[in-house]
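Worksheet for the structure shown next.
On a predicted model such as this, the values are computed, not experimentally measured, just so you know.
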Amino acid sequence: MAGAAPQGCGEARVAAARAPPSLPSGAEGERPGTVKHLGELLRIGINTHFESSKSKKKGLSFEEKRARMMEIFFETKDVFQLKDIEKIAPKEKGITSMSVKEILQSLVDDGMVDTDRIGTSNYFWAFPSKALHARKQKLKELESQFAESSQKKEALQKSIEKSKIGREDTAERAALIEELAALRQKKEQLKAEIDKYRECDPDVVEEMRQTNKIAKEAANRWTDNIFSIKSWAKRKFGFEESRIDKSFGIPEDLDYID
């Protein structure tokens, strides 16, 4: 048939397709070098991918999200509902919609964004003029605190310098400190010795006398009360005194203390 491929040509093409790619002239002796070349290409590819991953932009921090949300208010000078901000923030500022409510509430809590409920909806707004005034006020407070802290620091520094006078490290001072330590130790020893004889202290003895006097008066007072009750019981019920003493555990020799 005209134009027909010679017999065996199709089989040759299939065999050629299945055969491994031919190496350049003289490549039979360079196969190890080809493997090395492929390894180098693989290393370059991995490094390139790593650098590309590092260069990718990281997610926004919490403070960056707050700053970008404030930009929405400052740039538009408009009033928004939460649903409006949830649409604008992801699209224009790259703030994820899931974090919009949290970021907005933090700004409200810090007084950077105003809010009010009108009807059934909450509205949010923040104008640059208020933010500027708030920053000036905050700056004024910080400057006042800084000035106060500086004065305290200066006063403390002067006090430190004053306290150093006469306390220079000298041989005489070292000797006096050592003597002071010894005297303090001696004082503690004498105090312990005095405590041993505390009961002989005139003031302690007088205090004990007064305490004993009060205790004696109290004991005689209760003794008198017991005698009065016994007398009343004998008259009222006709009990014998010995029976009353036995029933209430009153000693037979109970008497006043002289």
Side-chain angles (χ1 to χ4, degrees), residues 62 101-102 104-122 137-138 141-142 144-170 172-258:
F62 189 77
K101 187 174 182 179
E102 179 187 3
L104 182 59
Q105 186 60 49
S106 72
L107 295 172
V108 172
D109 294 340
D110 291 346
M112 299 174 67
V113 172
D114 294 312
T115 182
D116 196 5
R117 187 176 184 85
I118 302 176
T120 59
S121 302
N122 291 321
Q137 187 65 26
K138 185 65 175 178
E141 292 176 3
L142 292 174
S144 176
Q145 293 176 7
F146 178 76
E148 184 179 353
S149 299
S150 297
Q151 290 177 356
K152 288 183 178 179
K153 179 184 176 182
E154 184 177 353
L156 288 172
Q157 192 65 37
K158 288 181 179 179
S159 178
I160 292 171
E161 294 300 326
K162 185 177 179 180
S163 65
K164 288 181 178 179
I165 299 175
R167 297 186 180 183
E168 296 80 2
D169 291 331
T170 61
E172 182 182 2
R173 184 169 185 270
L176 290 173
I177 291 175
E178 185 176 352
E179 182 181 356
L180 177 61
L183 290 173
R184 284 176 175 172
Q185 185 177 2
K186 184 66 175 178
K187 177 185 175 183
E188 293 299 323
Q189 292 174 353
L190 293 173
K191 185 178 179 182
E193 190 71 19
I194 290 173
D195 288 340
K196 293 181 181 179
Y197 304 100
R198 188 171 182 275
E199 294 181 357
C200 299
D201 188 302
D203 293 335
V204 175
V205 172
E206 181 61 27
E207 183 180 350
M208 292 175 65
R209 285 176 179 170
Q210 293 298 324
T211 302
N212 290 338
K213 181 181 179 181
I214 294 172
K216 179 180 176 181
E217 291 175 351
N220 288 333
R221 184 168 57 253
W222 281 104
T223 301
D224 188 60
N225 291 337
I226 292 172
F227 285 156
S228 297
I229 294 173
K230 286 172 65 175
S231 177
W232 174 82
K234 285 190 292 184
R235 291 195 310 270
K236 182 73 174 177
F237 304 105
F239 292 156
E240 295 181 0
E241 185 173 350
S242 59
R243 182 181 176 185
I244 296 173
D245 291 343
K246 186 176 180 180
S247 298
F248 294 96
I250 300 173
E252 294 181 359
D253 58 348
L254 177 68
D255 202 352
Y256 296 102
I257 300 174
D258 295 330

N/O donor-acceptor pair under 3.5 Å between Ser163 side chain and Ile160 backbone: yes

Glu141 and Gln145: side chain donor to acceptor below 3.5 Å: no

More than 12 heavy atoms of other groups within 6.0 Å of Glu178 CD: no

Distance (rounded to the nearest 0.5 Å) between Lys216 NZ and Thr223 OG1: 11.5 Å

Close side-chain approach of Leu190 to Lys186, heavy-atom, < 4.5 Å: yes

Salt bridge present between Arg184 and Glu188 (N-O < 4.0 angstrom): no

Reported CD-to-CD1 distance for the pair Gln189 and Ile194, which is rounded to 0.5 angstrom: 12.0 Å

Crowding at CD, Glu161 (>12 non-hydrogen neighbours, <6.0 Å): yes

Validation row: Phe62, Glu102 side chains within 4.5 angstrom (heavy atoms): yes

Spatial distance of atom NZ (Lys152) from atom OG (Ser159) [nearest 0.5 Å]: 14.5 Å

Over 12 non-hydrogen atoms of neighbours within 6.0 angstrom of OH in Tyr256: yes

Rounded distance (nearest 0.5 Å) linking atom CG of Leu176 with atom OG1 of Thr170: 8.0 Å

Steps toward side-chain contact (heavy atoms from CB on, under 4.5 Å) verdict (Phe227, Ser231): CA-CA 6 Å; Phe227 285 156; Ser231 177; over 6 Å; no

Gln105 and Val108: CA distance, side-chain angles, deciding distance, side-chain contact (heavy atoms from CB on, under 4.5 Å) verdict: CA-CA 5 Å; Gln105 186 60 49; Val108 172; 4.2 Å; yes

Neighbour count above 12 (heavy atom, 6.0 Å) for Arg173 CZ: yes

Lys158 side chain reached by Glu154 side chain, heavy atoms, under 4.5 Å: yes

Min side-chain heavy-atom separation Lys138-Leu142 under 4.5 Å: yes

Sidechain N-carboxylate O distance under 4.0 Å for Glu217, Arg221: no

Trp232 and Phe239 aromatic centres sub-6.0 Å: no

Euclidean distance, Ile229 CD1 relative to Lys236 NZ, rounded to 0.5 Å: 15.0 Å

Stepwise side-chain hydrogen bond (donor to acceptor under 3.5 Å, both in side chains) test for Glu206 and Gln210: CA-CA 6 Å; Glu206 181 61 27; Gln210 293 298 324; 3.1 Å; yes

Considering all heavy atoms, the nearest Ile257-Asn220 contact: N-OD1, 2.7 Å

Pairwise distance CD(Glu252) to NZ(Lys246) - rounded to 0.5 angstrom: 10.5 Å

Arg117, CZ atom: more than 12 neighbouring heavy atoms under 6.0 Å: yes

Heavy-atom pair of closest approach, residues Leu254 and Ile226: CD2-CG2, 3.8 Å

